[in-house]
Amino acid sequence: MILFNHSSSTWADKAYQQTIKVGENYFPSPSLFVYTLPNIVCGEIALRNSYHAETTFYIMNSKDEAMMSHILQSAFADQTHQSAIAGWIDYVDEDMFEADLKLIVKI
């Protein structure tokens with residue numbers, strides 16, 4: 001699994017920040033903290049679908065199809081890789097999100 005985005009885990013970071021504000025409302029949330037790591041989305045997809053393979057998550061300045069293609073080609077240069085779930089998955093907030101995933105199979 002090879003995924004890319006721009007916003008990293010900003011939405012989860014902001015939600016977690018609300019749980020650690022100093023004062024009476026200090027209640028660190030482990031269930032939110034884990035999502036402050038952008039690669040967790042790969043782990044969630046893998047666990048829910050019983051995938052047992054390498055996962056990689058790249059954070060880019062912008063959606064760069066050429067760079068994404070280059071990274072995917074590099075991954076397939078390894079003879080052990082026969083397929084990959086790959087694509088752009090970005091979530092800024094409820095009004096700004098994108099998921100463009102593909103299953104790529106080596107022929």
Side-chain angles (χ1 to χ4, degrees):
M1 185 175 321
I2 304 170
L3 300 179
F4 306 86
N5 86 359
H6 168 72
S7 65
S8 182
S9 58
T10 302
W11 182 86
D13 296 345
K14 289 177 182 177
Y16 182 72
Q17 177 65 31
Q18 296 303 310
T19 73
I20 61 171
K21 283 185 173 180
V22 177
E24 291 180 24
N25 292 328
Y26 183 80
F27 59 101
S29 172
S31 64
L32 286 176
F33 175 74
V34 70
Y35 292 102
T36 64
L37 305 169
N39 63 322
I40 291 300
V41 71
C42 292
E44 286 283 336
I45 292 169
L47 286 171
R48 290 176 189 222
N49 294 283
S50 299
Y51 297 151
H52 303 279
E54 180 179 343
T55 64
T56 307
F57 198 98
Y58 293 90
I59 301 167
M60 306 172 80
N61 289 331
S62 62
K63 189 174 183 181
D64 183 339
E65 298 281 349
M67 178 59 77
M68 292 164 57
S69 178
H70 177 73
I71 291 169
L72 291 169
Q73 289 174 10
S74 296
F76 279 99
D78 179 345
Q79 296 302 314
T80 62
H81 287 96
Q82 298 302 311
S83 64
I85 294 173
W88 185 264
I89 185 164
D90 206 6
Y91 185 90
V92 176
D93 59 34
E94 291 180 7
D95 298 319
M96 188 179 219
F97 56 89
E98 180 180 4
D100 181 17
L101 303 175
K102 299 173 178 79
L103 173 61
I104 302 169
V105 179
K106 189 179 204 178
I107 299 176

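Note that the coordinates shown come from a computational prediction; the quantities given were computed from them, not determined experimentally.
Side-chain N or O atoms of S69 include none that pairs as donor or acceptor with a backbone N or O of E65 at under 3.5 Å.
Residues satisfying the side-chain hydrogen bond (donor to acceptor under 3.5 Å, both in side chains) criterion with E94, sequence neighbours excluded, are absent altogether. Remark: E98 engages K63 in a salt bridge (charged side-chain N to carboxylate O under 4.0 Å, His left out) (not counting sequence neighbours). Among residues two or more places apart in sequence or in another chain, the side-chain hydrogen bond (donor to acceptor under 3.5 Å, both in side chains) test is passed with Q18 by K21. The side-chain hydrogen bond (donor to acceptor under 3.5 Å, both in side chains) check on S29 picks up S31, with sequence neighbours excluded. Under the side chain to side chain contact (heavy atoms under 4.5 Å, CB included) criterion, I71 pairs with I2, F4, Y58, M67, not counting sequence neighbours. Taking the salt bridge (charged side-chain N to carboxylate O under 4.0 Å, His left out) definition, one finds that K102 meets it with D100, sequence neighbours left out. Every residue two or more places apart in sequence or in another chain that forms a side-chain hydrogen bond (donor to acceptor under 3.5 Å, both in side chains) with S9 is listed here: D13. With sequence neighbours left out, F76 forms a ring-ring contact (aromatic ring centres under 6.0 Å, His included) with no residue at all.
Membership of an apolar cluster is not assigned to L47, as no side-chain contact below 4.5 Å to another ILVMFWY residue is traced. Using a 4.5 Å cut-off between side-chain heavy atoms of Ile, Leu, Val, Met, Phe, Trp and Tyr, I45 falls into a hydrophobic cluster with M1, L3, V41, Y51, F57, I59, I85, I89, L101, L103, V105. Using a 4.5 Å cut-off between side-chain heavy atoms of Ile, Leu, Val, Met, Phe, Trp and Tyr, F97 falls into a hydrophobic cluster with W11, Y91.
In this structure, S8 and D90 approach most closely via the heavy-atom pair N-OD1, 4.5 Å. T10 approaches S7 most closely through the heavy-atom pair OG1-O, 2.5 Å. For A15 against L32, the heavy-atom pair with the smallest separation is O-CD1, 3.8 Å.
Heavy-atom neighbours of H6 NE2 from other residues, nucleotides or ligands within 6.0 Å: at or below the threshold of 12. By the neighbour-count criterion of 12 heavy atoms within 6.0 Å, atom CG of N61 is sparsely surrounded, having that number or fewer from other residues, nucleotides or ligands.
How far NE2 of H70 is from CG of D64: 11.0 Å, rounded to the nearest 0.5 Å. We find the NE2-OG distance between H81 and S74 to be 11.0 Å, quoted to the nearest 0.5 Å.
Among residue pairs with one or both ends in residues 34-52, those qualifying as salt bridge (Lys or Arg N to Asp or Glu O under 4.0 Å) are E44-R48; sequence neighbours excluded.
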